[in-house]
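Note sheet for the following structure.
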Amino acid sequence: MAQRFERSENRAAMTIGYFLKSKRRYEILTKLATHVLLLLGAMTVFLPFFWMVSTSFKGLSEVFLFPPQWFPEQILFTNYQQVLRTFPFFRFFLNSTFVSVTVAFGVIASCALGAYSFARIQFWGRDVLFLLFLGTMMIPGQVTMIPVFIWMRELGWINTYQALIFPQIQAATPFGTFLLRQFFMTLPDSYEEAAILDGANRLQIFWTIFLPLSKPALATLGMFSFMGSWNNLLWPLIMINSQRLMTLPLGLQTLQGQYTVQWNLLMAGTVLAVLPVLLCYFLAQRYFVEGITLSGIKG
Amino acid sequence: MATSRRRNNITGVLFLLPNLVLLMALTLFPVLYAFYLGFFQWDIISEPVFVGLENYLRLARSERFWQVLFNTVYYTVGTVPLQLFVALIIAVLLNQGIRGKTAYRMVFFLPVVTSWVAVALLFRWLYNPDFGLINYVLSFVGIPPLPWLSSPGMAMPAVILTNVWKSMGYFAVIFLAGLQGVPQEMLESASIDGAGPFRRFINITLPMLTPTLFFVIIISIIQSFQVFEQVLVMTEGGPMDATNVLVLHIYDNAFRWFRMGYAVSMAWTLFVVIFVLTLLQMKFQNRWVFYR
């Protein structure tokens, strides 16, 4: 075919026409184009991350070079050492972990209990109460943020973990309750009836039947609230000003105030702040994607 | 029978107890309190002063507030169509039955997992007018260095582009789920009838995708009106208020200048705007959303 190509232009045009018309080749070409476009997109996503890591290893004189250097001349760990000396990142990490894990378990506990009640127990005023729950999901957090701040301040809870934990549990609870209630409604009654005949009480039914059956839903909800809390800046910003209690996002934000233009140090801090969650993401990608896209269902 | 009903009332409420306590303490009571606070001038330290509707009237008179509201609308109008368009393209490409779909999806989702503070800080560096990577890459295609975040005209587009970068993977995953719901037989029979890929997309895939699209437009508008963290970290609302948005202005008023009543009145305005926009979309959905 290559030879024919050279012989005459006319022939070549025909060959290309044939090439395009042939269905298999057409498919190969579209596949190729798809990959090229996706690779371009993936590069756009990946390059900033690469630049973050590359900058974090550079010396300050190398940071301020134009045209910039893709790779550091020499890999310097001194940026990380300096950032870690002035900023207790490990402490921030522990704070973030403690707060987010507690929030996730709190959300799971309150939502699962409430959802069971809404789905399975016939009590007085249930449907009105459920509507009220749905209604509160419409109110944006900015409306309640100021009163909650004032209240926490009166309680003397500024600079405490509980001021971070409780409002963030409530932020996810009405939605989570709704979600789990819908899930519990789909479970067949027969399981429960058998358990009631065996003399089990409500709490036993909830604990031994409903919870085990809804593990995947609970895990997704937990992941959703964990990530929401882990990456949240607003609540820590309002509630915390003592460095001891800062979470990673707030710590990073204060780092920005300290090293205004020392981009190598700032990027080292950024790498330290995003590393834990990115590592977890690589290990449990599916749960992250499912958990986070859950907020899309929230609406 | 009566006792069992009473028992149900008690157990029902007991199961709901944690939920109810949280709801009353952190949503219902604060909402009522916020409504009340809207009629007061209060700096948190001295006695609150009742001012009636003055906070709301001041809001209507404040040029800065209208500027901030305009910026929020500008941000929303710039962000929503662009990020949904890019996300839809990614989703369609990922849906071509290609190899490595999971790997691509993993990369596109990376920014979604990363916190806004980290992304915003990173982009401040990338947008650096003198040493930033973005201007360097643009120089390859002959575009002269742009001032980005330091110019009032370009700061908002820069913030919008950052948001597209961070959120496209999130919306692509939602679109992808919607695309997988498009019945394959329908596409195949259209293909047999001679419809090319473009026509199949316009006449079958897109109509089938409208429920997803409707829902995604609603949430992305709500999210855009609540934009805060990225602006706080990237520009703090500057230069010259060019990127100052509603929630940032609420935050500044409440927690920097301690104008609690005024800030609350602004939060209520935000609520009304979001509520009305969502209601309008619900009302007009039957004009374009196609439910099977």
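Letters A, B, ... are given to chains in the order of the sequence lines, protein chains preceding strands, and every chain is numbered from 1. Heavy-atom basis, side chains included; hydrogens, waters and symmetry copies ignored.
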What part of A/M138 gets within 4.5 angstrom of chain B, counting heavy atoms only: side chain, backbone, both, or neither? both

Hey, are B/N19 and A/T173 close enough side-chain-wise for a donor-acceptor pair under 3.5 Å? no

Side chain / backbone / both / neither for A/F166 at chain B, heavy atoms under 4.5 Å: both

Taking the ring of B/F15 and the ring of A/F118, is the distance between their centroids below 6.0 Å? no

Is A/M227 close to chain B through its backbone or its side chain, or both, or neither, when contacts mean heavy atoms under 4.5 Å? side chain

Residue B/Y104 versus chain A: region with a heavy atom under 4.5 Å: side chain

Under 4.5 Å from a heavy atom of chain B, the part of A/R153 involved: side chain

Please classify the contact between B/N128 and chain A as side chain, backbone, both or neither, with a heavy-atom cut-off of under 4.5 Å. side chain

In this structure, CD of B/Q96 is separated from NZ of A/K31 (nearest 0.5 Å) by 8.0 Å

Toward chain A, the part of B/F228 with a non-hydrogen atom under 4.5 Å: side chain

Is a side-chain donor-acceptor pair under 3.5 Å present for B/T27 with A/Q170? yes

Where does A/V143 contact chain B at under 4.5 Å (heavy atoms): side chain, backbone, both or neither? both

Find the distance between CG (B/L121) and CG (A/L266) and round it off to the nearest 0.5 Å. 5.0 Å

With a 4.5 angstrom heavy-atom cut-off, which part of B/L270 approaches chain A: side chain, backbone, both or neither? side chain

How long is the gap from CG on B/L93 to CG on A/L38, to the nearest 0.5 Å? 4.5 Å

Most heavy-atom pairs under 4.5 Å with chain B, out of A/P249, A/A33, A/A112, belong to A/P249

Part of A/T177 within contact of chain B (heavy atom distance under 4.5 Å): side chain

Which region of A/N201, side chain (C-beta onward) or backbone (N, CA, C, O), has a non-hydrogen atom less than 4.5 Å from a non-hydrogen atom of chain B, or is it both or neither? neither

Value rounded to 0.5 Å, distance of CZ in B/R124 from CD in A/Q256: 4.5 Å

Which of B/I10, B/T11, B/L16 passes side-chain contact (heavy atoms from CB on, under 4.5 Å) with A/F123? Answer is B/L16

Decide if the gap between the ring center of A/W263 and the ring center of B/Y127 is smaller than 6.0 angstrom. no

Measure distances from A/Q253 to the heavy atoms of chain B and classify the residue's part below 4.5 Å as side chain, backbone, both or neither. both

Do B/W116 and A/N231 have side-chain heavy atoms sitting under 4.5 Å apart? no

Chain B contact via A/A273 - side chain, backbone, both or neither, heavy atoms under 4.5 Å: neither

Which bit of A/L65 is near chain B, if near means a heavy-atom gap under 4.5 Å: side chain, backbone, both or neither? backbone

If I measure from the heavy atoms of chain B, does A/L39 come under 4.5 Å with its side chain, its backbone, both, or neither? both

Chain A contact via B/I44 - which portion, at a heavy-atom distance below 4.5 Å: both

Under 4.5 Å from any heavy atom of chain A - which part of B/A177: neither

Quick one: what part of A/L113 sits under 4.5 Å from any heavy atom of chain B, side chain, backbone, both or neither? both

Less than 6.0 Å separating the ring centroids of B/Y33 and A/W151? no

Select one option (side chain, backbone, both, neither) describing which atoms of B/M168 are under 4.5 Å from chain A's heavy atoms. side chain

I'd like to know if the side chain of A/T44 pairs up with that of B/W165 as donor and acceptor (distance under 3.5 Å, no hydrogens or angles considered). no

Taking side chain as everything from C-beta outward and backbone as N, CA, C, O, which of these in A/F288 sits under 4.5 Å from a heavy atom of chain B? Side chain, backbone, both or neither. both

B/L110 and A/F282, any side-chain heavy atoms less than 4.5 Å apart: yes

Mind ranking A/T270, A/L132, A/L233, A/V274 by heavy-atom pairs under 4.5 Å with chain B and telling me who comes out on top? A/L233

Counting only non-hydrogen atoms closer than 4.5 Å, does A/C111 touch chain B with its backbone (N, CA, C, O), its side chain (CB onward), both, or neither? backbone

Which bit of B/F271 comes within less than 4.5 Å of chain A, counting heavy atoms only: side chain, backbone, both or neither? both

